[in-house]
Participant: 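Pasting in a structure now, in structure tokens, and then I'll have a few things to ask.
Residue numbers begin at 1 in each chain, while the letters A, B, ... track the order of the sequences. Just the heavy atoms: all of them, side chains too, but no hydrogens, waters or symmetry mates, feed the values below. Just so it is clear, the structure is predicted and the values come from calculations on it, not from any experiment.
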Amino acid sequence: MCPMQSKENAEILLEYCARTLPTDTMARLDAHVAMCSSCQQELAAQRQLWSALDEFDAAELQITPDFDRRLYARIEAEGRDPFWVRAWRSVFVSGQPRPWRPAMTMALAGLATVALIFVQFPGSERTVAPGAPPVATISDEGATVEDAALKTATVDKLEIERLDTALEDLEMLQVLGTKTGVGTSNKL
Amino acid sequence: MSVAAAIEHDAQLMLRVREGDTASFAQLLDRHRVPVIHFVYRMIQNQAVAEELAQEVFLRVYRSRATYEPTAKFTTWLFRITTHLALNWIRDQKNERHQQSLDSEAPEGTAPLQVADHLPNVEQSMVRTARMEEIRRAILALPDKQRAAVTMHKYQEMDYSQIAGVLKCSESAVKSLLFRAYETLRMKLAHLNRGVSE
Ligand SMILES: [Zn+2]
């Protein structure tokens, strides 16, 4: 039967043209194509397209010589990221449950929450205080310590912003990980 | 080296990178640098951006080392990252210049491939450049997924199952994508062949 009689079958001619079909199928089609003008036409058109596409030759592309150097510089720069960015990254990109990972996530989430509360209510430690002794201590020591706490909060805020950037970057990896089966076991 | 052995080799290298062996990462980079850059270049047709995105691809590969599991072929996984980044970039570009038509003018930010000038005369060189420009434009005008499928099929010589793995669709969907893409390209580029046979 002629493949050109339906679209589904015509698709087989692509594979025939690329010579990627099993040998027996190739042989059967060879015999058919030899006698069928519509198949011959289709194949000729596809072969012409194939050779036209060959002209779009990226082999002539000159890759810049410092490609690797730039890449390794970026890898090295990432290695110098603050520990929590790297830790967060490794938690997020993880494919395997490791005992310290949930703890690390909790700790980072805790740090972020405390810092956020500080930013929003810098003077009202008591709303923050339950179960958080260090904060309660700060409130007892008056304005100077409060200033220090504010400064810490500002630093924390900056760190949270960097964390956000890292998160945005990692969001895609997480999506990819879920698709590829990498990182599926480690959703927050 | 057989295909199966090559796949195995990549996965083994990646597992060694996971154990902290940076030399294995260098080997992976050596093996896949050119295919990744060429693939992105063909997808977006801008060399500087292609290299930038390729850097991002390898950076992500390196970052994922700790969690890498050889569940899929390494190249399928690699090209999934690559395709994702390329399609994202294309989407962002489209959002930025949504009013410009791809058909009416060359897209902003795309630089033609620099071709080594080894042709015998200027006229031949100009004809070749013009043909190449038409081919580039026809590929660029394909819908994103079709373009990705054609690039993988024609230039990366991937089979249907691997392309399906990268694009996360069925093999019959890949066949259909390719069929439509080649049909469109044939229509758009038919006059090039007439020019040749005359
Ligand atoms: Zn036929």
Participant: Return the set of residues passing ring pair (Phe, Tyr, Trp, His ring centres under 6.0 Å) with B:Y62 (not counting sequence neighbours), or none when no residue passes.
Facilitator: B:F25

Participant: Does B:L185 share a hydrophobic cluster with B:L192, counting links as ILVMFWY side-chain heavy atoms below 4.5 Å and allowing steps through other members?
Facilitator: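 Linked, B:L185 and B:L192 end up in one cluster.
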
Participant: What about B:Y160 and A:L21, same hydrophobic cluster or not, with Ile/Leu/Val/Met/Phe/Trp/Tyr joined at side-chain heavy-atom distances under 4.5 Å?
Facilitator: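 No, separate clusters.
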
Participant: B:I139 vs A:L53, test: side chain to side chain contact (heavy atoms under 4.5 Å, CB included). Steps then yes/no.
Facilitator: CA-CA 9 Å; B:I139 294 174; A:L53 292 179; 3.9 Å; yes

Participant: Any non-hydrogen side-chain atom of A:I63 less than 4.5 Å from a side-chain atom of B:Y41?
Facilitator: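 Counting from C-beta outward, A:I63 and B:Y41 never come under 4.5 Å.
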
Participant: B:L59 and A:L71: which non-hydrogen atoms are nearest, and at how many Å?
Facilitator: N-CD1, 3.9 Å

Participant: Distance from A:E55 atom CD to B:M132 atom CE, nearest 0.5 Å?
Facilitator: 8.5 Å

Participant: Give, as side chain, backbone, both or neither, the part of B:A26 having an atom under 4.5 angstrom from any heavy atom of chain A.
Facilitator: both

Participant: Checking heavy atoms, do the side chain of B:A50, its backbone, both or neither come under 4.5 Å from chain A?
Facilitator: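 For B:A50, there is no contact with chain A at all, as no heavy atom is under 4.5 Å.
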
Participant: Under 6.0 Å from the six-membered ring centre of A:F67 and within 45° of its axis: does the NZ or CZ of B:R33 meet both?
Facilitator: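 Not satisfied by the 6.0 Å and 45° rule.
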
Participant: Indicate if A:Y16 and A:I12 have the same hydrophobic cluster label, given that clusters are the connected sets of ILVMFWY residues with side-chain heavy-atom separations under 4.5 angstrom.
Facilitator: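 Yes; tracing contacts between hydrophobic side chains, which count when under 4.5 Å, links both residues.
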
Participant: Please state whether the side chain, the backbone, both or neither of B:S176 comes within less than 4.5 Å of a heavy atom of chain A.
Facilitator: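 Answer is both: backbone and side chain atoms of B:S176 are under 4.5 Å from chain A.
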
Participant: At what distance, to the nearest 0.5 angstrom, does CZ of A:F56 lie from CD of B:E133?
Facilitator: 9.5 Å

Participant: If you round to the nearest 0.5 Å, how far is CD of A:Q48 from CG of B:L189?
Facilitator: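 The CG atom of B:L189 sits 11.0 Å away from the CD atom of A:Q48.
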
Participant: Using side chain to side chain contact (heavy atoms under 4.5 Å, CB included) as the criterion, list what pairs up with B:R91, not counting sequence neighbours.
Facilitator: B:N88, B:N95

Participant: When rounded to the nearest 0.5 angstrom, what distance separates CG in B:D159 from CD in A:E15?
Facilitator: 9.5 Å

Participant: How close do A:L61 and B:Q47 get, heavy atom to heavy atom, and via which atoms?
Facilitator: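 Closest pair (atom of A:L61, atom of B:Q47, distance): CD1-OE1, 3.7 Å.
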
Participant: Can you tell whether the side chains of A:R74 and B:E52 come within less than 4.0 Å, N to carboxylate O?
Facilitator: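 The answer is yes: the pair qualifies as a salt bridge.
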
Participant: Between the side chain of B:E51 and the main-chain N/O of A:T64, is any donor-acceptor distance below 3.5 Å?
Facilitator: yes

Participant: With a 4.5 angstrom heavy-atom cut-off, is it the side chain or the backbone of B:I135 that approaches chain A, or both, or neither?
Facilitator: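 Interface part for B:I135: side chain.
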
Participant: Does a salt bridge link B:R186 with A:E42, judged by any charged N lying under 4.0 Å from a carboxylate O?
Facilitator: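 Salt bridge flag = yes for A:E42 with B:R186.
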
Participant: Taking only residues two or more places apart in sequence or in another chain, which ones pass ring pair (Phe, Tyr, Trp, His ring centres under 6.0 Å) with A:Y72?
Facilitator: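 For A:Y72, no residue satisfies ring pair (Phe, Tyr, Trp, His ring centres under 6.0 Å) once neighbours in sequence are set aside.
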
Participant: Counting only non-hydrogen atoms closer than 4.5 Å, can you tell me which residues of residues 149-158 of chain B sit against chain A?
Facilitator: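 Contacts with chain A: B:H153, B:K154, B:Y155.
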
Participant: Out of curiosity, A:I75 CD1 to B:Q55 CD, how far, rounded to the nearest 0.5 Å?
Facilitator: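 Answer rounded to 0.5 Å: 9.0 Å.
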
Participant: Verify the cluster assignment for B:L13 and B:V34: are they in a single hydrophobic cluster under the rule of side-chain heavy atoms below 4.5 Å apart?
Facilitator: yes

Participant: Highest number of heavy-atom pairs under 4.5 Å with chain B: which of A:T20, A:D54, A:L14?
Facilitator: A:L14

Participant: Under 4.5 Å between side-chain heavy atoms, hopping through other hydrophobics if needed: is there a path connecting B:L178 to A:L43?
Facilitator: no

Participant: Take A:L13 and B:F179, measure what side chain to side chain contact (heavy atoms under 4.5 Å, CB included) needs, and give me the verdict at the end.
Facilitator: CA-CA 10 Å; A:L13 289 178; B:F179 190 79; over 6 Å; no

